[in-house]
Amino acid sequence: MSNVERNYQIAKEIYGEMGVDTDAVLKKLDEVPISVHCWQIDDLQGFEFPDAAMSGGIAATGDAPGKARTREEFMTNLNKALDLIPGHTKLALHSTYMNKHGKNIARNEIGPEEFVEWVDFAKERGIGLDFNPTYFSHPDYDSNSTLTNPDEGIRRFWIEHGIACRKIGDYFGRELGEKCITNHWIGDGSKDIVVDKLTPRLILKDSLDQIFAEKLEHNIDSCESKVFGLGSESYVPGSNEFYTEYAAHTGKCIVCMDAGHFHPTETIGPKFSSYLAFGDEIQLHVSRPVRWDSDHVVILDDPTKEIMEEIAAYDAYDRVHIGTDYFDASINRIAATAIGARSARRALLLAMLRPIEELKKLEREGNTTKRLALLEETKMLPAGLVWEYYCESKGVPGKEWIKDLSTR
Ligand code: RNT
Ligand code: ZN
């Protein structure tokens, strides 16, 4: 018996005394998909415009060496990162990771052909795919005004892009036998005071109606809100209220909540149950807001734990879709991808290891003292031993992976 296995047996016993079956937890933990974003590997550069600057309220800061410069480097580094991430994984792509095969294809003309290699890759690795239209970082367009643009020609371009992308999502879902979530985020908004906040929202509503007109069997659309962003400090038409209303009234999409897109003291976990109460699904961007930045690498912090606790409390694993979203160019990008995704799954494990039934029972009985006591007592149980065993049993390195991180 290895040390890791021996330690696990001890942990299993301790959790067992609390009424938690660690074997069952690990089986479930491994099945719950976490959608890992691909764009930490190259600071969201993509392959469409390899030299273009990013624009549209999105910025990766830092000068760590090792940003992937070619498709080959990108794939090598992505594989290295995925090798460090246990559990059922989906990979979230942006449209800019297309392969134009040397042709001149505009963003509103893309189709499955530009993503064939990604489907092959996903099949080989046994992972799912999620998708994101890229309504920003286009050298010819102002990213602050896409689906809300009063210019019909420009708005048409972005609507066509949205339509093209969800068809690609449908192709992913069909090919891989696991539904694709196509997430729509726009950076539209205003730096300064806006008097008419209604008109852009009416235009956005019409754009979404056009994008979502066709029902697609293998694709789910989500719309990601933001309260403010870089260059949209004063007004963002795509707010949480807007998309929540849109989803509720049309039933054509679900809402995506990014942990960094709310007021700085607001966390997203407590919001989930309001959506679940109406039978709605939700997409998440697990991220880490720091001051004005919404996208630091995910760590095992309280808001992340709270997100997973809320999912585990309602057994809502198939209704709340977990995805990550962060980009930090100041540290090794392969490691960053792995750190964030591992931390997200670690938070999920911690949440699953709580004696949820017992806690709910105490709550129903009104024993709030014992509820608090139990919550506190469970915090220092040996979850780390369970994690190490989980990694070993999946053939993914446990904490020893950090030995290889010799340089930044
Ligand atoms: C931006 C949103 C969005 C992006 C990705 C790259 O504020 O969070 O999800 O980070 O689409
Ligand atoms: Zn996001």
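Both counts, for ligands and for their atoms, begin at 1 and track the order of listing.
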- ring-ring contact (aromatic ring centres under 6.0 Å, His included), paired with Tyr8, selected from Trp387, Tyr389, Tyr15: Tyr389
- Message: Please list, in number order, the atoms of ligand 1 under 4.0 Å from a heavy atom of His285.
- Response: 9 (O)
- Task: Could you go through the side-chain contact (heavy atoms from CB on, under 4.5 Å) check for Trp158 and Arg107 one step at a time?
- Result: CA-CA 8 Å; Trp158 292 114; Arg107 220 179 266 184; 3.9 Å; yes
- For Asp83 and Pro397, which heavy atoms make the closest approach, and how far apart are they? O-CD, 4.1 Å
- N, O or S of His261 under 2.8 Å from the Zn ion (ligand 2): no
- Is the Zn ion (ligand 2) under 2.8 Å from any N, O or S atom of Asp295? no
- Closest non-hydrogen protein atom to atom 4 (C) of ligand 1, residue and atom name please, with distance? Asp325 OD2, 3.5 Å
- Note on the structure: ligand 1 to Leu44, heavy atom cutoff 4.0 Å, flagged ligand atoms 6 (C)
- Considering only NZ, NE, NH1 and NH2 on the basic side and carboxylate oxygens on the acidic side, decide whether Lys226 and Asp258 come within less than 4.0 Å. no
- Message: Measuring from atom 5 (C) of ligand 1, which candidate in Gln40, His184, His94 has the nearest non-hydrogen atom?
- Response: His94
- Which protein non-hydrogen atom lies closest to atom 7 (O) of ligand 1, naming both residue and atom, and how far is it? Lys226 NZ, 2.7 Å
- Message: Any donor-acceptor pair under 3.5 Å linking the side-chain atoms of Asn79 with those of Thr76?
- Response: no
- What atoms in ligand 1 come closer than 4.0 Å to a heavy atom of Ile58? 1 (C), 4 (C), 10 (O)
- How far is atom 9 (O) of ligand 1 from its nearest protein heavy atom, and which residue and atom name does that atom have? Glu224 OE1, 2.7 Å
